[in-house]
Amino acid sequence: MSKMIESLFYSKAGQALLSAAGVKPPLALNRYNGSTPWVNGTTLLATKPSSALQEVLAQANIQSQVFDEHVNLACKAILVDASHFKQVTDLEALKHFFSQASKHINVSGHIVIIGLDPQHCDLLEQAAVMDALNGFTRSYAKEMGRKGVTVNLLYTSSVNQALVTPLNFLLSDRAAYISGQPIYVHTGSPLPQDWEKPLAGKVALVTGAAQGIGAAIAHTLSEDGALVIGLDIPAAQQTLEATMAELNGIALATDITDDQVCTHIGCALKGKKLDILVHNAGITRDKTLSRMSDHFWQMTLNINLQAPINVTTTLDQREMLSDEARVIFISSISGIAGNVGQTNYAASKSGVAGYVRKQAQLWEHTGKTINAIAPGFIETQMTDQIPFMTREIGRRMNSLSQGGKPQDVAQGVALFAQPGSQGLNGQVLRVCGQSLLGA
Ligand code: NAD
């Protein structure tokens, strides 16, 4: 029944009726199709770049042009370096620039503002100005969402090479469903980045890889060049094998909560070390707290939080992670905003964020990084279970007015997996089209 209402709703006649009632259909977003360079066409710059920014743009293969209001240039990406702003009046430059330049950006384009991390500001007013960039970015992302355009903020301690990979990512269609986000880039010496096959030679393990988001992550990491080991429960073995066969990967049918899971992972690795570990396997067992059985509580906390912590700790202790390992957890905006009937799920997902932040501190002076993705409403079998009207509201409650796709989450994972992402550590990146939940 729910599926029938949905087909009617999305039929030509249904959409025409909705348009007449003032409900516009969402704009189709452009998603990355594997072409290089990542950024499509010329990036418009607000001002002449500093020599440090020129170096970053060159390393990222980004072609750029300084904005000239007399030149009619359509572009897919706009970049503003606001890291030198010191006074409140400096912010006016944003107003003047964007009121002109935003007419030049195409549908589903990408805007990035670079700011100085407020923690690194010595001057009081400068710290306020840098935080003002956050409010500006979030609001402007809501305005530009109507055009399918994303707007994000990169905070850094200085314009340096650690920005290369995150900047290239956020200006590209890899970031089609990420908007309104401040992302903190720590100074570091990222490893060299091959833009065509950035994960060539890497070994990745993806849990819950048989279907949904996990299968998309496995595909994306494989397209980026990694050898993927997909892990899923024995009951999903057939689907898992089919998914892994598509990408010449290795299927490992074992439960993440199994006492022997790390031994099984060791056998699949055949002496190699793990470069990328993605904890995607997860379940929901929704009930309001007074109706929730102990079984539902324990099962959710165990699969979503306890087991991934245990596996990461054991693999690290057994030295099965490479020196530059990238560990990525899938959290959820439910863990940020909370949700009725999801005390167990939300607790597990905010627990994931807490674990990632703490482990990142412990790994600060190593080559390893650990981060999390918090997806919003993503179209999968999990969200297919939600009744139609609730689902329709869920998918519309964000600046881009649509649900995300598994590949959007996969691209976020791939960002953290990059060799050049050394400066990203302990972050929780929302892939949610700037959801109103927990905003
Ligand atoms: P899904 O149910 O389609 O896939 C989850 C996979 O995990 C399944 O293949 C399942 O068999 C596997 N799995 C479950 N328990 C396991 C265990 N004990 N050991 C090994 N594998 C196990 O779900 P999805 O929508 O693809 O979600 C993937 C992740 O993204 C989950 O962690 C989920 O909480 C998170 N997430 C999803 C959404 C969304 O909108 N779909 C939003 C936020 C977060």
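In listed order, ligands and their atoms are each counted from 1. Throughout, residue positions are numbered sequentially from 1 according to the sequence presented. The structure displayed is predicted, hence computed values, not measured ones. Just so it is clear, the values below take in all heavy atoms, side chains as well, and ignore hydrogens, waters and symmetry mates.
Considering each of T380, N304, D384, the one bringing a non-hydrogen atom nearest atom 41 (N) of ligand 1 is T380. Nearest-residue assignment for atom 42 (C) of ligand 1 (options G376, S332, A253; heavy-atom criterion): G376.
Each of the atoms 44 (C) of ligand 1 lies under 4.0 Å from some heavy atom of S331. Taking a cut-off of under 4.0 Å to the non-hydrogen atoms of G212, the atoms of ligand 1 that pass are 26 (O). Near I378, the atoms of ligand 1 lying under 4.0 angstrom from a non-hydrogen atom of the residue are 39 (C), 40 (O), 41 (N). Within ligand 1, counting atoms from 1 as listed, the ones closer than 4.0 Å to a heavy atom of L231 are 20 (C). Here is the list of ligand 1 atoms found below 4.0 Å of a heavy atom in I303: 15 (N), 18 (N).
Among protein heavy atoms, the minimum distance from atom 12 (C) of ligand 1 is reached at D232 OD1, 3.3 Å. Atom 7 (O) of ligand 1 has G208 CA, 3.4 Å as its closest protein atom, hydrogens excluded (heavy atom only). Nearest protein heavy-atom neighbour of atom 19 (N) of ligand 1: I256 N, 3.0 Å. The nearest heavy-atom contact from the protein to atom 33 (C) of ligand 1 is Y345 OH, 3.5 Å. Residue, atom and distance of the protein heavy atom nearest to atom 18 (N) of ligand 1 are D255 OD1, 2.8 Å. For atom 23 (O) of ligand 1, the nearest non-hydrogen atom of the protein is M382 CE, 3.8 Å. For atom 27 (O) of ligand 1, the closest non-hydrogen atom of the protein is I213 CD1, 3.9 Å. The nearest protein atom to atom 28 (C) of ligand 1, hydrogens excluded, is given as N280 OD1, 3.1 Å; this is a heavy-atom distance.
Ligand 1 does not have E379 within reach: every non-hydrogen atom of the residue lies 4.0 Å or more from it.
The existence of a salt bridge linking K368 and D316 is confirmed by a sub-4.0 Å separation between a basic side-chain nitrogen and an acidic carboxylate oxygen. With respect to K202 and D224, no salt bridge is recorded, no charged nitrogen being found less than 4.0 Å from a carboxylate O. A salt bridge links E392 to R395: at least one charged side-chain nitrogen sits closer than 4.0 Å to a carboxylate oxygen.
Between C432 atom SG and N398 atom CG the span is 7.0 Å, to the nearest 0.5 Å.
Between T300 and S348, the side chains place no donor N or O within less than 3.5 Å of an acceptor N or O (distance only, hydrogens not considered). Residues D117 and S157 bring no donor and acceptor atom of their side chains to less than 3.5 Å of each other.
Judged as a ring-ring contact (aromatic ring centres under 6.0 Å, His included), the pairs with a partner in residues 276-303 (not counting sequence neighbours) are, in order, H279-F329. Sorted pairs that involve residues 235-261 and meet ring-ring contact (aromatic ring centres under 6.0 Å, His included), not counting sequence neighbours, are lacking altogether.
Distances between N or O atoms of F377 and those of ligand 1 include no value under 3.5 Å.
A cation-pi contact, defined as under 6.0 Å to the ring centre and within 45° of the axis, links R174 to Y32.
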What verdict does the side chain to side chain donor-acceptor pair (under 3.5 Å) test give for Q342 and R285, after you've listed the backbone C-alpha separation in whole Å, the side-chain angles of each residue and the deciding distance to 0.1 Å? CA-CA 8 Å; Q342 291 201 318; R285 289 294 181 272; over 6 Å; no
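The closest donor-acceptor contact from the side chain of T314 to the backbone of V311 lies at 3.5 Å or more, if one exists at all.
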